[in-house]
Number of protein chains: 2
Amino acid sequence: MQSRPKISDAEWQVMKVLWQKSPVTANEIVEKLTAETAWKPKTVRTLISRLTAKDAIGFDKTGRQYMYYPVLTEEECVRQETRSFMTRIRTGALKPMLAAFLEEENLSQEEIDELKCILDKKGEK
Amino acid sequence: MQSRPKISDAEWQVMKVLWQKSPVTANEIVEKLTAETAWKPKTVRTLISRLTAKDAIGFDKTGRQYMYYPVLTEEECVRQETRSFMTRIRTGALKPMLAAFLEEENLSQEEIDELKCILDKKGEK
DNA sequence: TAACAAGTATTACAGATGTAATCCAAAAGT
DNA sequence: ACTTTTGGATTACATCTGTAATACTTGTTA
């Protein structure tokens, strides 16, 4: 069971590692994250455990070590986050919110063009 | 003290009420929110208390009732949320994320046009 | 002025989260 | 085979959140 388990901030870090490359051992995850963050190895282990408990990631036991892989895709999770972000932010008018959002981001010219392209497609449909 | 207190999901609902209109009495907030949500009046009171504790909102005591008003502006809060949303989501490439983001939203034609307008302005500058 | 009503403040309590440490079992080395 | 190591499972614990209920104060009313 797990329609849409909530992934916490810290857990997201682990998901991101697995989305980049999988399957990997717990140790590989630990190495990456202890390098990027200030977490102790045990902390990362805890996050991994919680994610498996939530069925957000899975593993195959190949001998002593487990090989972890993501169960939830990055797509779904981004979608999920987007939804909760939007409901949180939105007061009614979408525009001021998105304006602030876009202001906040330092978009490159290419990114801007790509976004316009996406919007065009949505527009004509 | 409060550089950037974290506003929880439930607390955001209260902030949104105050951003729409302020100052208001606790009762007005309670009425709005018990109508929109399934919360009991006491629950809303708790949220109000926590927000004052965080200095996210303030009040003037006029007699026995307090008049509440937001201390943090909607702008700052949206910016804040945007930032944490982006750092959470972002793996490196902005595009796939924003694509999913825009896909997810059901934008009206007008909204699409407005966004393109915002993008244009960013683009030319 | 005493009792009441209406707001505010305090307390409650379970589950999520951040951040680990300790315990246990099996693999690996001696 | 016994001990050491190592990785996974269990336990820890404070804070934050969701969701309220109870207690306390002080205007208001009889």
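Just so we're on the same page: letters track the sequence lines, and every chain starts at 1. When reading the values below, keep in mind they use all heavy atoms of this one structure, side chains included, and skip hydrogens, waters and symmetry mates.
- In this structure B:Q65 satisfies the side-chain hydrogen bond (donor to acceptor under 3.5 Å, both in side chains) test with no other residue, sequence neighbours excluded.
- At whole-Å resolution of the value, CG in A:D9 and C1' in D:dT17 are 15 Å apart.
- Residues A:K21 and A:E28 are paired through a salt bridge, judged by an N-O separation under 4.0 Å between the basic side chain and the carboxylate.
- A salt bridge links B:R88 with A:E81; the closest basic N to acidic carboxylate O contact falls under 4.0 Å.
- Between A:R64 and A:R50, the one whose closest nucleotide on DNA chain D sits nearer the 5' end is A:R64.
- Put simply, chain A comes within 4.0 Å of DNA chain C, heavy atom to any atom, from C:dT17 to C:dA28, going 5' to 3'.
- Annotation: ring-ring contact (aromatic ring centres under 6.0 Å, His included) contacts of B:W39 (sequence neighbours excluded): none.
- Using modelled atom types and a 3.5 Å distance limit, the side chains of A:K6 and A:Q80 yield no donor-acceptor pair.
- Computed from coordinates, the B:K61 NZ to D:dT25 P distance equals 13 Å when rounded to whole Å.
- With 3.5 Å as the limit, one finds no donor-acceptor pair spanning the side chains of B:E31 and B:N27.
- For A:K42, the listed nucleotide lying nearest its side chain is D:dA9; candidates were D:dT22, D:dA9, D:dT17.
- For the pair A:F59 CZ and D:dG7 P, the computed distance is 16 Å after rounding to whole Å.
- For the contact set between residues 31-41 of chain B and DNA chain D, defined by any heavy atom under 4.0 Å, the members are B:W39, B:K40.
- Proximity of a side-chain donor or acceptor of A:K54 to a complementary backbone N or O of A:S49 within less than 3.5 Å is not detected.
- For DNA chain D, if you chain together Watson-Crick or G-U pairs that step i with j, i+1 with j-1 and so on, the runs of at least three with distances under 3.5 Å are C:1-30 with D:1-30.
- Using a cutoff of 4.0 Å between basic side-chain nitrogens and carboxylate oxygens, A:E36 and A:K32 are not scored as salt-bridged.
- The side chain of B:Y66 contributes no N or O atom lying less than 4.0 Å from OP1 or OP2 of D:dT25.
- Heavy atoms of A:T43 sit under 4.0 angstrom from at least one base atom.
- In terms of the ring-ring contact (aromatic ring centres under 6.0 Å, His included) criterion, residue partners of A:F59 (sequence neighbours excluded) are, by chain and number, A:Y66, A:Y68.
- Computed from coordinates, the B:R45 CZ to D:dT17 C1' distance equals 20 Å when rounded to whole Å.
- The nearest whole Å value for the distance from the CD1 atom in B:I48 to the P atom in D:dG18 is 15 Å.
- Using the six-membered ring where Trp is involved, A:W19 and A:W12 have ring planes that are perpendicular, over 60° apart on the 30 and 60° scheme.
- Listed for the A:E76 side chain is a donor-acceptor partner under 3.5 Å among the backbone atoms of A:T73.
- Projected onto DNA chain C by closest heavy-atom contact, A:T46 and B:T52 fall at different nucleotides, the more 5' of which corresponds to B:T52.
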